[in-house]
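Here is the naming used below: chain letters follow the sequence lines, and residue numbers restart at 1 for every chain.
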Protein chains: 2
Amino acid sequence: MFAMNGYDKYAHEPFAVTVDLAVFTLREGALHVLLVERGQEPYAGHWALPGGFLQPDESAETAARRELAEETGLSDVSGLHLEQLRTYSEPGRDPRMRVVSVAFAALLPDAPEAHGGSDAAQARWVPYATAGPLAFDHDRILADAHDRVGAKLEYTCLATAFCAPEFTLGELQQVYETVWGTELDRPNFRRKVLATPGFVAPVPGAARLTGGRGKPAALYRAGTATALHPPLLRPAREGRPA
Amino acid sequence: MFAMNGYDKYAHEPFAVTVDLAVFTLREGALHVLLVERGQEPYAGHWALPGGFLQPDESAETAARRELAEETGLSDVSGLHLEQLRTYSEPGRDPRMRVVSVAFAALLPDAPEAHGGSDAAQARWVPYATAGPLAFDHDRILADAHDRVGAKLEYTCLATAFCAPEFTLGELQQVYETVWGTELDRPNFRRKVLATPGFVAPVPGAARLTGGRGKPAALYRAGTATALHPPLLRPAREGRPA
DNA sequence: CCTTTAATAGTCAGTGCGACTATAAAGGGG
DNA sequence: CCCCTTTATAGTCGCACTGACTATTAAAGG
């Protein structure tokens with residue numbers, strides 16, 4: 001399949017290495033994921049996760065952040081949460097050749113409308129619920145990413161990564177409810193978040209009138225803590241696998 | 001650096017892909033990790049994590065299990081817990097060439113003495129506390145693996161993977177204490193484990209006299225559950241990072 | 001037979017959380 | 001202008017889980 005090219009003495013084969021990104025955001029109360037429409041075979045016309053080949057001088061993290069900037073059109077992606085998921089390496093996952101892909105999950109507060117990246121492919125935010133079927137094994141990658149993000153909400157302060165710099169506790173609660181697909185009790189959620197030191201910090205004297213109706217909510221910023229001890233466990237659904 | 005070999009049209013460079021394994025076991029009440037002594041440059045004479053190049057027809061998981069069998073000398077590694085950690089891809093992590101490495105963590109009940117694998121490298125169980133410094137970025141990989149295993153003990157039933165098919169609750173508790181480096185209250189640990197459905201299953205009428213002294217302990221097998229709800233949190237140490 | 005050792009059983013108080021009720025502060029419609 | 005709706009915030013109650021501790025049981029060793 002591959003022609004050896006001078007590295008036979010190391011008894012190894014060369015592989016193409018790519019990064020694939022599952023970029024999540026919240027739009028209008030629903031979890032959305034960034035997808036691109038493939039312009040060429042294989043899977044031409046199908047939707048896929050954004051990604052690309054690793055360049056010789058960059059790490060997978062660097063490549064993922066570069067792709068993230070290209071596909072979202074954001075000028076500064078340095079502060080965004082980017083997390084390595086796992087690596088997919090099944091033979092045959094790309095019909096062209098042997099490709100090993102390092103998958104990442106990224107979280108955006110609220111995202112600008114995505115116009116195709118530098119590679120002219122059309123990029124679009126798609127509701128997570130209606131995403132797929134995708135090209136290659138990207139359905140699996142996307143599902144793994146969603147699982148990981150949901151799990152990390154439980155024991156980290158990651159939820160603030162979905163929020164604007166200043167946010168209300170109601171918006172923070174919506175992050176949990178949207179990603180988990182469950183409803184949470186508002187007073188209990190408040191109590192838990194405020195009782196966790198460093199999760200959020202109040203913005204003194206500031207309040208937002210979200211839609212107009214109702215009492216204006218106090219504004220908070222993300223705190224300095226990263227872990228949640230004890231965790232904020234999602235409601236135990238019967239029969240949920242590990 | 002690399003000669004292109006016919007895939008220029010895909011605008012990508014070829015990489016060597018390896019797997020690295022952090023194989024843990026418990027020996028004499030201490031956490032041990034499997035290391036190999038490198039026979040050739042770079043880092044000749046240094047200790048390193050076992051691993052090797054990915055073959056063209058195998059996934060990283062397959063390669064990791066193959067390497068695990070080779071390095072431990074075990075005939076059947078199909079039932080052992082093997083978990084993908086993350087992928088290390090910094091340029092320059094291998095001075096020879098551009099190598100992307102998929103790291104795995106593996107857990108063994110009690111391990112046979114390791115004699116060098118097929119590649120004639122000397123393999124040895126080393127106490128985790130005295131392991132390192134290692135070749136390449138293997139210190140970092142090993143630390144990451146240890147963190148991951150410690151975290152997974154909290155919210156999964158993974159601890160049984162360190163135990164023989166039949167074990168006492170005292171032995172199971174030793175797994176937690178050894179990996180976490182803390183002491184746990186024995187009655188409370190018992191209560192928690194037995195109150196979690198599917199964590200362990202009693203072996204009727206069986207008891208073991210571990211060292212001889214003391215009341216013989218009842219034997220248990222691993223249960224069918226994989227997750228721990230609610231989790232078994234390790235004692236909160238002040239200032240522990242995320 | 002008594003001491004030592006280790007497993008097992010049980011107690012008790014504090015903490016955290018689910019479920020729930022009550023109050024406060026805004027807008028909208030009559 | 002009053003009242004109703006909406007949303008944020010405050011507080012209550014009981015249960016479940018956990019940490020700390022004491023007591024009992026079953027073995028080995030002198």
Side-chain angles (χ1 to χ4, degrees), chain A residues 29 153-155 163 166-177 180 182-220 225 227-238, chain B residues 29 153-155 163 166-177 180 182-220 225 227-238:
Chain A
L153 288 187
E154 290 193 326
Y155 55 94
C163 295
E166 298 192 343
F167 52 89
T168 70
L169 292 187
E171 291 165 354
L172 188 65
Q173 180 175 349
Q174 269 224 347
V175 173
Y176 280 89
E177 293 182 332
W180 286 350
T182 62
E183 296 215 333
L184 300 175
D185 180 84
R186 197 184 288 262
N188 290 342
F189 179 81
R190 259 184 99 63
R191 188 213 310 169
K192 174 68 182 177
V193 170
L194 295 177
T196 303
F199 194 171
V200 297
V203 179
R208 179 190 301 174
L209 299 79
T210 322
R213 301 274 280 249
K215 177 174 175 177
L219 288 179
Y220 294 83
L228 233 52
H229 274 280
L232 202 166
L233 299 177
R234 77 186 98 182
R237 288 189 306 205
E238 318 309 323
Chain B
L153 288 187
E154 290 192 326
Y155 55 95
C163 295
E166 298 193 343
F167 52 88
T168 71
L169 293 185
E171 291 164 355
L172 189 65
Q173 181 175 348
Q174 269 224 345
V175 172
Y176 280 88
E177 293 181 333
W180 286 350
T182 61
E183 296 214 336
L184 300 175
D185 181 82
R186 197 184 288 262
N188 291 341
F189 180 81
R190 254 184 104 61
R191 188 204 338 178
K192 173 69 181 175
V193 170
L194 295 178
T196 303
F199 194 173
V200 297
V203 179
R208 179 191 299 173
L209 298 79
T210 321
R213 301 273 280 249
K215 178 174 175 176
L219 288 180
Y220 295 84
L228 234 52
H229 274 279
L232 202 166
L233 299 177
R234 74 186 101 181
R237 288 190 305 207
E238 319 309 325

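In this structure, NZ of B:Lys215 is placed 8 Å from C1' of D:dT24, rounded to the nearest angstrom. Rounded to an integer number of Å, the gap from B:Leu233 CG to D:dT18 P is 8 Å. If you take CG of A:Leu184 and C1' of C:dA19, they are 14 Å apart, rounded to a whole angstrom. The separation between A:Gln173 atom CD and C:dC17 atom C1' is 15 Å, rounded to whole Å. Computed from coordinates, the B:Leu232 CG to D:dC17 P distance equals 13 Å when rounded to whole Å. In this structure, B:Leu219 places its CG atom 12 Å from P of C:dA7, rounding to the nearest Å. In this structure, OH of B:Tyr220 is placed 12 Å from P of C:dA7, rounded to the nearest angstrom. To the nearest angstrom, P of D:dG11 lies 19 Å from CZ of A:Phe189.
Applying the side-chain contact (heavy atoms from CB on, under 4.5 Å) test between A:Gln173 and each of A:Asp185, A:Asn188, A:Leu184 identifies A:Leu184 as the sole match.
Among the nucleotides D:dA27, C:dT5, C:dG28, the one closest to the side chain of A:Arg213 is C:dG28. Side-chain proximity of A:Ala217 to the nucleotides D:dA26, C:dT5, D:dT9 is greatest for D:dT9.
At distances below 3.5 Å, not a single donor-acceptor pair connects side-chain atoms of B:Gln174 with backbone N or O atoms of B:Gly29.
The residue B:Ala218 sits close only to the backbone: its heavy atoms come under 4.0 Å of sugar-phosphate atoms, none of a base.
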Working note: A:Phe167 + A:Val175, criterion side-chain contact (heavy atoms from CB on, under 4.5 Å); need CA distance, chi angles, decisive distance, verdict. CA-CA 11 Å; A:Phe167 52 89; A:Val175 173; over 6 Å; no
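A:Thr182 is not listed as a side-chain neighbour of A:Tyr176, based on a closest heavy-atom distance of 4.5 Å or more.
The shortest distance between the side-chain N/O atoms of B:Arg186 and the OP1/OP2 oxygens of C:dA7 is below 4.0 Å.
Atom CG of B:Leu219 sits about 9.5 Å away from atom CG of B:Leu169, to the nearest 0.5 Å.
Here A:Tyr220 pairs with nothing under the ring-ring contact (aromatic ring centres under 6.0 Å, His included) rule; sequence neighbours left out.
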Tabulate protein N/O versus nucleotide N/O from nucleotides 9-16 of chain C, keeping only pairs under 3.5 Å, one per line.
from  : atom 1 : to       : atom 2 : distance (Å)
C:dA9 : OP2    : B:Arg190 : NH2    : 3.3

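Residues B:Pro231 and A:Pro231 come closest through the heavy atom pair CG-CG, 4.3 Å.
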